[in-house]
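All values derive from a computational prediction rather than experimental measurement. We count ligands from 1, going down the list as the structure has it; atoms in each ligand are counted the same way.
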Amino acid sequence: MQIKTFKGGYDSNFAYLVYEQDQALLIDPSVPATEILNFCKENNLNLQSVVVMHSHHDHILGLREYQKLGIPIIAHRSIKLAVDKHVDESDQITFGKNTFTVMHTPGHRFDSLCLYNSRSKSLFTSDTLFVHGCGRVDFEGSNPNLMLDTLERIKRMPEDTTVYPGHDYGPTKTSTIEIEKRMNPFLKMTREEFLKQRLG
Ligand SMILES: [Zn+2]
């Protein structure tokens, strides 16, 4: 499985096109659809589906453009947008021989997902976990207590898992669970410290 990272959109967003042979899956549609579709065309890739990782405006670019081409949009079942397929915790999203396990990871937003591929030990975290940071929890649709539960879950993942975040906000583009457990202040705080720091 190969990963093509696109950076751009509204705020140094990362969109990830994962592909193998001629099959591709888009994780986090946060850059203009034309960029993704052009890359697919140039590389003879069939875009199987697009996974919305949460429904903030900078992460739902060009959904109608994909739908017009018959490419289904997948999102958590709590999303308030019209999508083609709902998923929930532990569901599998497949393309070619690859499988991603859906993790429902509320906190930053109620419909936030992470996707885990056990074969490549890759975790796509969108705005749940950044390199040395985490998503804001003071928005409508956020829940700081659920974010803490989500971060606890992420800490229990295999340490050699590579983390692919939704924005380029850290010193490196990707990280690992092992590095984040050592370097990410939000993974080391008590509940009280986290709530004080994040909500002031
Ligand atoms: Zn967000």
remark   = salt bridge (Lys or Arg N to Asp or Glu O under 4.0 Å) pairs touching residues 17-43, sequence neighbours excluded, are Glu20-Arg119

task = Drop me the distance from Thr94's OG1 to Phe100's CZ, to the nearest 0.5 angstrom.
result = 10.5 Å

request  = Look at atom NZ of Lys196 and say whether more than 12 heavy atoms of other residues, nucleotides or ligands are closer to it than 6.0 Å.
outcome  = no

Determine all donor-acceptor pairs shorter than 3.5 Å in which one atom belongs to a side chain in residues 138-148; sequence neighbours excluded.
unit_1	atom_1	unit_2	atom_2	d
Asp138	OD1	Arg136	NE	3.0
Asp138	OD1	Arg136	NH2	3.4
Asp138	OD2	Arg136	NH2	3.1
Ser142	OG	His108	O	2.7
Ser142	OG	Phe139	N	3.2
Ser142	OG	Phe139	O	3.2
Asn143	OD1	Asn145	N	3.1
Asn143	OD1	Leu146	N	3.1
Asn145	OD1	Arg191	NH1	2.9

inquiry  = I'd like to know if the side chain of His76 and the backbone of Ser78 have a donor-acceptor N/O pair within less than 3.5 Å.
reply    = yes

Sub-2.8 Å protein N, O or S atoms surrounding the Zn ion (ligand 1) = His54 NE2, His56 ND1, His108 NE2, Asp127 OD2

ask   = If you link I, L, V, M, F, W and Y whenever their side-chain heavy atoms are under 4.5 Å apart, who else ends up in the same group as Phe39?
value = Phe6, Leu17, Tyr19, Leu26, Val31, Ile36, Leu37, Leu45, Leu47, Val50, Val52, Ile60, Leu63, Tyr66, Leu69, Ile71, Ile73, Ile79, Leu81, Val83

